[in-house]
There are 2 protein chains.
Amino acid sequence: MAIKAIDLRRYEARAKIAKAMAHPSRLLMLDLLQKKSHTVTELTAIVGADQSTVSKHLSILRDVGLVDVRREGAMSYYQLKCACLDGFFSCIETVLMADLACRRDALK
Amino acid sequence: MAIKAIDLRRYEARAKIAKAMAHPSRLLMLDLLQKKSHTVTELTAIVGADQSTVSKHLSILRDVGLVDVRREGAMSYYQLKCACLDGFFSCIETVLMADLACRRDALK
DNA sequence: TGCCAATATGGCGATATGGCCATTAAAGCA
DNA sequence: TGCTTTAATGGCCATATCGCCATATTGGCA
């Protein structure tokens with residue numbers, strides 16, 4: 001039985017989005033932005049990293065269409081562009097909890 | 001108003017899981033494993049990469065608890081460990097579609 | 001035992017990522 | 001016009017990731 005190689009292109013675009021989310025600081029920011037929009041300064045204080053670092057993280061989220069910017073004077077208000085993070089987080093959460101339970105069992 | 005830095009540790013475990021998913025080949029494999037379990041040889045043929053590469057990808061998915069192995073003789077059957085990928089994929093899909101629509105608008 | 005098929009692992013080079021510093025750009029205000 | 005605040009970008013280095021090759025390792029079978 002000949003197994004055909006599948007075209008990976010379909011998954012590349014999706015992986016790019018997943019990759020943008022796959023960083024602790026960016027996950028935190030996405031989580032924060034679920035509640036309300038924030039400025040770079042606010043996010044910088046909360047994340048506790050360099051301002052330039054946070055700005056770059058935000059541009060990564062922006063590039064894949066996860067967040068949006070609204071400029072007001074000198075400040076940039078970042079806001080979530082999709083209301084779909086619940087599914088994402090709950091999936092991650094499920095995996096995490098299952099894994100913790102598994103490790104707990106292994107200690108018995 | 002003092003903004004408190006948030007402990008990132010909570011997000012590190014989650015980012016690790018997201019990171020494991022953030023690769024085209026691994027996304028493809030997760031998608032395949034949603035339907036049924038597969039051997040490394042099968043996945044290697046479908047993904048179209050080196051066997052060692054696929055094996056390493058699978059160990060990454062295994063390390064974070066996304067998949068499971070069942071050894072049968074000389075073959076390893078990999079299977080999905082969680083039934084929660086729908087939420088993940090539909091989130092990604094939403095972002096992807098919104099972004100495509102956005103780009104389409106930009107061309108007008 | 002000897003051989004082959006199926007997996008897993010070590011190593012290595014190329015490329016990507018992450019974080020900071022320094023700098024630039026733009027807005028608000030005295 | 002200067003000074004300050006806010007944000008974005010370039011540069012640089014350390015580290016991580018990816019993919020292949022080569023090499024174990026394990027199971028099935030003659």
Side-chain angles (χ1 to χ4, degrees), chain A residues 1-3 5 8-9 11-30 32-33 37-64 66-79, chain B residues 1-3 5 8-9 11-30 32-33 37-64 66-79:
Chain A
M1 69 153 168
I3 297 184
L8 271 181
R9 265 173 303 181
Y11 291 92
E12 273 160 16
R14 283 151 184 82
K16 220 169 127 190
I17 296 171
K19 208 170 197 168
M21 301 200 249
H23 187 283
S25 303
R26 296 200 287 267
L27 274 186
L28 164 55
M29 294 196 281
L30 287 173
L32 290 167
L33 294 174
S37 55
H38 288 277
T39 67
V40 179
T41 303
E42 286 170 350
L43 293 172
T44 298
I46 299 174
V47 170
D50 195 90
Q51 175 269 319
S52 67
T53 301
V54 172
S55 188
K56 279 180 185 173
H57 280 313
L58 286 167
S59 87
I60 289 172
L61 294 176
R62 195 154 37 87
D63 282 349
V64 299
L66 275 163
V67 304
D68 229 355
V69 213
R70 169 176 38 99
R71 192 115 203 183
E72 252 177 55
M75 292 184 293
S76 293
Y77 283 90
Y78 279 82
Q79 58 199 69
Chain B
M1 66 149 170
I3 297 184
L8 270 180
R9 264 173 303 179
Y11 291 92
E12 272 159 18
R14 283 151 184 80
K16 220 168 127 191
I17 296 172
K19 207 170 200 169
M21 302 199 248
H23 187 285
S25 302
R26 295 198 289 266
L27 273 187
L28 164 55
M29 292 195 284
L30 287 173
L32 290 168
L33 295 174
S37 54
H38 287 278
T39 66
V40 179
T41 303
E42 285 170 352
L43 293 172
T44 298
I46 300 174
V47 170
D50 195 89
Q51 175 268 320
S52 67
T53 301
V54 172
S55 189
K56 279 182 186 171
H57 279 314
L58 286 167
S59 87
I60 289 172
L61 295 177
R62 196 153 38 87
D63 282 349
V64 299
L66 273 164
V67 304
D68 230 356
V69 214
R70 169 175 38 98
R71 193 114 202 183
E72 250 175 56
M75 292 185 293
S76 293
Y77 283 90
Y78 279 83
Q79 58 198 68

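Reckoned from all heavy atoms, side chains included, excluding hydrogens, waters and symmetry mates. Labels below follow one simple rule: chain letters A, B, ... track the order of the sequence lines, proteins then strands, and each chain is numbered from 1.
Atom OG1 of B:Thr41 sits about 11.0 Å away from atom CD1 of B:Ile46, to the nearest 0.5 Å. One finds the CE atom of A:Met29 at 13.0 Å from the CD atom of A:Glu42 (value rounded to the nearest 0.5 Å). Between atom CG of residue A:Leu58 and atom CG of residue A:Leu33 there is a gap of 7.5 Å, rounded to the nearest 0.5 Å.
In the interface, the side chain of B:Lys56 is paired with the base of C:dG11 through a donor and an acceptor atom under 3.5 Å apart.
Here C:dT9 presents its C1' atom at 13 Å from CD1 of B:Ile60, a figure rounded to the nearest Å. Rounded to a whole Å, the CG atom of A:Asp63 is 11 Å from the P atom of C:dT17. What separates NZ of B:Lys19 from P of C:dG18 is a distance of 6 Å, to the nearest Å. Whole-Å rounding puts the B:Leu58 CG to C:dA6 P distance at 16 Å. Whole-Å rounding puts the B:Gln51 CD to C:dA5 C1' distance at 11 Å. For B:His23 and C:dT17, the NE2 to C1' distance is 14 Å, given to the nearest whole Å. If you take CG of A:Leu61 and P of C:dG18, they are 11 Å apart, rounded to a whole angstrom. Rounded to an integer number of Å, the gap from CE of B:Met75 to C1' of C:dT7 is 11 Å.
Taking every nucleotide of DNA chain D with any atom under 4.0 Å from a non-hydrogen atom of chain B, the first and last of them, 5' to 3', are D:dT17 to D:dG28.
If you check every strand for non-hydrogen atoms under 4.0 Å, A:Ser25 touches nothing. Within 4.0 Å of B:Tyr77, counting heavy atoms only, lies no atom of the nucleic acid at all. Contacts of B:Thr39 with the nucleic acid, taken as non-hydrogen atoms under 4.0 Å apart, involve only primed sugar atoms and P, OP1 or OP2.
When the nearest nucleotides of DNA chain C are assigned to A:Arg26 and A:Arg71 by heavy-atom distance, the more 5′-ward of the two goes with A:Arg26.
Two residues are said to be in side-chain contact when any heavy atoms from C-beta on lie closer than 4.5 Å; A:Val67 and A:Leu30 meet this criterion. Here the side chains of A:Ser25 and A:Val54 are not in contact, with every heavy-atom distance at 4.5 Å or above.
Enclosure of atom CZ in B:Arg70 by more than 12 non-hydrogen atoms of other residues, nucleotides or ligands within 6.0 angstrom is indicated.
When all heavy atoms are compared, the tightest approach of B:Val69 to B:Arg62 is CG2-CD, 2.9 Å.
A close approach under 4.0 Å does not occur between any side-chain nitrogen or oxygen of B:Ser55 and OP1 or OP2 of C:dT9.
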